[in-house]
Amino acid sequence: MQDATTHDYEWKTIAPTGNDMEQCVRQWFERGAPLVWRPIFSRENFPDVDPAVLIEAQAASGPCWLIARPEDLLTLPAGITGWIMPIDAEDTEVACGRWENGVTFMAINDRASGERITYQADRS
């Protein structure tokens, strides 16, 4: 990603109608809110890990990455989806993941019900 000011990144919206999740993250950065990113402990993200370990890790607060600037998103571990939120927030419905040199913002839906999941719902 690259920006005219910092030459470190550029916001590129891929979806033709825009992305509400991306807009939310942009607003957090514009407000100067430091963010945290927490990996989602799922079989999709960690296929080689014992499911019991994933359940235990998901129930704990788990590790997180401090995201102070947009370009910090490029330091996230590749191929792993995680929850992103302001550091003082208790919940979020925004997830993101880094693939190659791009970050994708998304909502997470329950596979069975189709209902949107939040960070807190994912932990329970």
Side-chain angles (χ1 to χ4, degrees):
M1 299 193 295
Q2 189 172 7
D3 176 82
T5 307
T6 65
H7 299 289
D8 290 329
Y9 70 93
E10 176 182 7
W11 292 99
K12 290 184 179 180
T13 302
I14 297 172
T17 58
N19 181 322
D20 293 341
M21 302 297 124
E22 176 185 316
Q23 291 304 316
C24 186
V25 173
R26 283 187 184 204
Q27 290 172 359
W28 291 335
F29 281 124
E30 288 170 6
R31 287 193 333 239
L35 308 178
V36 291
W37 179 86
R38 297 180 184 277
I40 297 172
F41 294 102
S42 66
R43 298 291 295 154
E44 291 81 12
N45 277 339
F46 302 98
D48 298 328
V49 176
D50 180 335
V53 172
L54 291 176
I55 291 168
E56 186 176 329
Q58 187 169 338
S61 293
C64 68
W65 278 250
L66 180 62
I67 307 295
R69 307 169 318 206
E71 53 268 33
D72 293 343
L73 293 166
L74 296 173
T75 68
L76 296 175
I80 297 178
T81 304
W83 297 107
I84 189 164
M85 67 187 96
I87 199 166
D88 60 351
E90 293 184 22
D91 203 6
T92 184
E93 63 179 17
V94 182
C96 69
R98 180 179 69 85
W99 288 269
E100 297 183 18
N101 290 326
V103 177
T104 301
F105 300 95
M106 65 199 84
I108 305 291
N109 294 324
D110 180 270
R111 288 183 184 191
S113 69
E115 296 291 319
R116 185 167 285 180
I117 299 173
T118 68
Y119 168 70
Q120 287 296 333
D122 186 41
R123 293 185 66 205
S124 56

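Quick note: residue numbers are just sequence positions, from 1.
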- Are the side chains of T92 and T118 in touch, meaning some heavy atoms are under 4.5 Å apart? no

- Do any N or O atoms from the side chain of R98 and from the backbone of E100 form a donor-acceptor pair under 3.5 angstrom? yes

- Measure from the side-chain N and O atoms of E22 to the backbone N and O of T104, and report whether any donor-acceptor pair falls under 3.5 Å. no

- Message: Assess the residue pair W65 and V36 against the criterion (side-chain contact (heavy atoms from CB on, under 4.5 Å)); give the C-alpha distance rounded to whole Å, side-chain angles, the decisive distance to 0.1 Å, and a yes or no.
- Response: CA-CA 5 Å; W65 278 250; V36 291; over 6 Å; no

- Query: Is any side-chain heavy atom of L73 closer than 4.5 Å to a side-chain heavy atom of I67?
  - Reply: yes

- Item | D91 (side chain) donor-acceptor with Y119 (main chain) under 3.5 angstrom | yes

- pair I84-M21: side-chain heavy atoms closer than 4.5 Å: no

- Rounding to 0.5 Å, atoms CZ (R26) and CZ (F105) come to a distance of 8.5 Å

- Mind checking the CD-CZ spacing from E93 to R116? Nearest 0.5 Å is all I need. 4.5 Å

- Message: Between W28 and I87, is there a side-chain heavy-atom distance shorter than 4.5 Å?
- Response: no

- Task: Measure the shortest side-chain to side-chain distance between D20 and V94 over non-hydrogen atoms and say whether it is less than 4.5 angstrom.
- Result: no

- Query: Has the side chain of W37 got a donor or acceptor atom that lies under 3.5 Å from a matching backbone atom of C96?
  - Reply: yes

- Item | More than 12 heavy atoms from other groups under 6.0 Å of CD on E90 | no

- Message: With rounding to the nearest 0.5 angstrom, report the CE to CH2 distance, M85 to W83.
- Response: 8.5 Å

- Can you tell if the side chain of I40 reaches within under 4.5 Å of the side chain of I80, non-hydrogen atoms only? no

- Message: Under 3.5 Å, is there a donor on one side chain and an acceptor on the other for D72 and T75?
- Response: no

- Task: Would you give the length of the straight line joining atom CD1 of I108 to atom CG of D122, rounded to the nearest 0.5 angstrom?
- Result: 8.0 Å

- Task: Work out which heavy atom in P34 is nearest to a heavy atom in L66; give both atom names and the distance.
- Result: CB-CD1, 4.3 Å

